[in-house]
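Presented below is the structure to which this report refers.
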Amino acid sequence: MLDPKIIRDNPDKIRDMLSARSIDFPFDDFLRYDRERRDLIVRTDEMRKTKNQISLEIASKKKSGGDASALISKMQSVSQQLQVLEEDQVRTEEAYRRLSLTMPNLIHESVPVGKDETANKIIRKWGDLPSFGFEIRDHIDLTQRLGLVDLERAAKVSGARFYYLKNQLVKLNQALLQFALEFITERKFVPVQTPYMINRNAMEGAVIAEDFEDVIYKVEGEDLFLIGTSEHAIASMHSDEIIAGGSLPLRYAGISTCFRKEAGAHGRDQKGIFRVHQFEKVEQFVFSRPDDSWAEHEKMLSNVEEFYQKLGLPYRIVLLSSGDMGKVSAKTYDLEAWMAGQKNYREVASCSNCLDFQARRLKIRFRDRTDEPPQYLHTLNCTLVATTRTMVSILENFQTVDGHISVPKVLQKYVGSSTI
RNA sequence: GCGGGGGUCGCCUAGCCUGGUAGGGCGUGGGAUUGCUAAUCCCAUGUCCGUAAGGACCCGUGGGUUCAAAUCCCACUCCCCGCGCCA
C-alpha cells in the first residue's frame, strides 16, 4: 500500500511505475474512488455532526422535563439519511481498499527498467567455477544413486514437486539450518521460529493479491494460510504496533518450513528438488527507520554473500529489473549460485527493500517521542539459506569422480562426515 | 471440547445493573516554577477527512434494538482459571 498523498500529488509517478512493471492497473478508477471516498467522508461527517447536536438537545430537554417529540422525529429522519450515506461510503471504501491492496510498490531509481529478466543487471560475480576431469551428473542423478531422495514415492503420496529426503541429505539439510542460525545470530539477528499458518489479515499485509492464487496454500474451512516464507509471519508479527524508535532496527532471523503452490511454474524445473512445494529456510527480516533502510538492504545482501562464500559456492549478484521484481518490493537483488549440473547460475536467495509498503498494510509504525505523530517504518527481507536449492548447488558442485559428494568444510561438523 | 471469569484511548482502572459529551491514576515528551538528582502546576500523548479553522470516528470484532449504545440483545474472536483430551 502506498502513501495516498504521494498518489494524489504525483499521479504520473504512479503511471510510470505501473508501465515499468508492465502492469495493467485501473488507475483512473482508483483515483475516482479516492475522490468519491473523501467526498463521502465529508458528507457523512457533517450528517453525524447534526445528529450529535440533536442528540444533545434531546438529552437536555428530557433532563429539564420538556417535550422532545419534535426533536426525536427530526432525529429519525436524519438517522435515515445518514444510513443511506453510510452504506454508500462503506461500498466506496471497500472498492478503494480492494484496489489499493493490488497496487504494487514504487520502484527505486537504481532499478533497471525492463519488461522481464532479460533486463536484469549482473552486479558482480564471486568464486571460481568448478572444473571436473570426468563426466558430471546433475543433482537428480546423484541423489538417486546415493539413495538421498525418493521422488516416486513422494509423488504417490503427495504428488509432483514433493520429496522424501533420506540418509545423509537429511543431515545436510539440518546442517545448513544449524550453520545459518549460528552465522546470523553472531550478527545479532534474533532467531524466530514462526507460526506456519497465519490468517488472511496477516497474509494480506505481506503479500499482494494475485500471489494468493499462485503461491499461497489455503487451509480448508479455516481462516488460515500456509506461509510461503517466514517473512509473511514476521512482517505481521508487529502489526498494529507503535515501536519505540530507540529499539530500531529490529533484526530477525526467521526459521520455518516454506510452502509454495508453484501454480504458474508448469513445465519448469519439473524434476528433482530445485522447485518444490515445501522446503526449509532461514530468512533475514529487518524493521528499519526509513533513513536507514538502504544501508540495511546492502548489509543483508553482504550477509548472504558471506554465507555463500563460507560454503564455497560460486555465485553472482543480479539486480532485478522493474518487470521481473516482486510487486511488494522497491528493489531486489537475487543471489544466483552456480549449479554445475545445469551449467548455469540459478536463484537461491532474494534480497528486497519493501520500504513502507508492508508497514502501511500492517500498520507498523514507530516514533521517538510520544508527542510526535507515529510514522511508518520500512521492512526488508533477504534469504540467508533456502535448503533445497542450496543443496542442489552443493551436490552438483562438490561431486567426486566416484559419484559421491564432498561436504563443505563449515558443514562437516554438523553432518558428521566429510563425504556423502 | 465443557464450565466460569474477562477484553475501556501506551499500561492500570472508573463507568455497564438504571442507555444521553469516556473520567481518573501511572508512564512518556514538552513547558512553568522553586538555590540541588526531588516536589508542584500546565500542555501533549489512538484513527480518519481537511492547507487550516474545524469536524467525525474510537470502549475485542461484526450485527441487532433505540431518537440515542462502552452500557441492552445476538453471533464470533482472543486472554485467564478449572475440568477433559492430547505429542
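The sequence lines fix the lettering, A, B, ..., with proteins before strands; numbering per chain opens at 1.
Going from atom CD of A:Glu222 over to atom P of B:C76 covers 15 Å, rounded to whole Å. Atom pair A:Asp3:CG and B:C48:P shows a separation of 11 Å (rounding to whole Å applied). Going from atom CD of A:Gln83 over to atom P of B:G64 covers 8 Å, rounded to whole Å. In this structure, the CD atom of A:Gln89 is 19 Å from the P atom of B:G55, given to the nearest Å. Here B:C76 presents its P atom at 16 Å from CG of A:Asp223, a figure rounded to the nearest Å. A straight line from CE of A:Met47 to C1' of B:A56 spans 13 Å, rounded to a whole angstrom. Between the CD1 atom of A:Ile243 and the C1' atom of B:U28 there is a distance of 17 Å, given to the nearest Å. The nearest whole Å value for the distance from the CE atom in A:Met75 to the C1' atom in B:C67 is 5 Å.
Between A:Arg275 and A:Glu262 there is a salt bridge, since at least one side-chain N of the basic residue sits less than 4.0 Å from a carboxylate O of the acidic one. Ion pairing of A:Asp39 with A:Arg43 is present here, as a side-chain N (NZ or NE/NH1/NH2) and a carboxylate O approach within less than 4.0 Å. The existence of a salt bridge linking A:Asp356 and A:Arg365 is excluded, since no basic side-chain nitrogen approaches an acidic carboxylate oxygen closer than 4.0 Å. At a threshold of 4.0 Å, the pair A:Glu94-A:Arg98 counts as salt-bridged, since one of the basic side-chain nitrogens sits closer than that to a carboxylate oxygen.
Contact of the A:Gln174 side chain with the A:Tyr414 side chain is not registered, since no non-hydrogen atoms from C-beta on lie closer than 4.5 Å. Looking at heavy atoms from C-beta onward, A:Lys281 lies in side-chain contact with A:Thr383 at the 4.5 angstrom threshold.
Comparing B:G23 with B:G62, their C1' atoms sit 28 Å apart, to the nearest whole Å. Straight-line distance between the C1' atoms of B:G15 and B:G64: roughly 23 Å, to the nearest whole Å. Spacing between B:C58 and B:U45 at atom C1', rounded to whole Å, works out to 16 Å. Atom name P, nucleotides B:G50 and B:G4: the rounded distance is 49 Å, in whole Å. Comparing the same atom, P, in B:C86 and in B:C73 gives a spacing of 38 Å after rounding to whole Å. Between the P atoms of B:G84 and B:C2, the separation comes to 16 Å (whole Å). Taking the C1' atoms as reference points, B:U37 lies 45 Å from B:A56, given to the whole Å. Straight-line distance between the P atoms of B:U13 and B:G60: roughly 14 Å, to the nearest whole Å.
Using a 4.0 Å heavy-atom cutoff across all strands shown, A:Ile58 reaches at least one base atom of the nucleic acid. Within the nucleic acid shown, A:Ser55 comes within 4.0 Å of at least one base atom, counting heavy atoms only. Contact annotation for A:Arg43: no contact, since no heavy-atom pair falls under 4.0 Å across all strands.
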Bracket string, RNA chain B, 5' to 3' - pairs by Watson-Crick or G-U geometry under 3.5 Å, | interstrand: ((((((((.[[[[.)....(..]]]]((((((.......))))))((((....))))..[[[[[..)....]]]]])))))))....
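For A:Phe183 and A:Phe307, the gap between ring centers is short of 6.0 Å.
Each of A:Lys51 and A:Arg37 has a nearest nucleotide on RNA chain B; the 5'-most of these lies closest to A:Arg37. Comparing A:Arg365 and A:Thr50 against RNA chain B, the residue whose closest nucleotide sits nearer the 5' end is A:Arg365.
Taking the ring centre of A:Phe285 as origin, the terminal cationic atom of A:Arg251 falls outside the region bounded by 6.0 Å and 45° from the ring axis.
Residue A:Arg38 places at least one side-chain N or O under 4.0 Å from the OP1 or OP2 atom of B:G50. Distances shown here put a side-chain N or O of A:Asn52 below 4.0 Å from the OP1 or OP2 atom of B:A56. Within the 4.0 Å cut-off from OP1 or OP2 of B:C67, not a single side-chain nitrogen or oxygen of A:Ser73 is found.
Closest approach to the A:Ala59 side chain among B:U21, B:G20, B:A56 is made by B:G20 (side chain taken as heavy atoms from C-beta onward). If you check B:U45, B:A68, B:A56 against the side chain of A:Arg367, the one that comes closest is B:U45. Proximity note for A:Arg8 (side chain, C-beta onward) versus B:C48, B:G50, B:U47: the nearest is B:G50. With B:C67, B:U21, B:G55 as the choices, the nucleotide that has an atom nearest any side-chain atom of A:Leu56 turns out to be B:U21.
Within 6.0 Å of NZ on A:Lys74 lie no more than 12 heavy atoms contributed by other residues, nucleotides or ligands.
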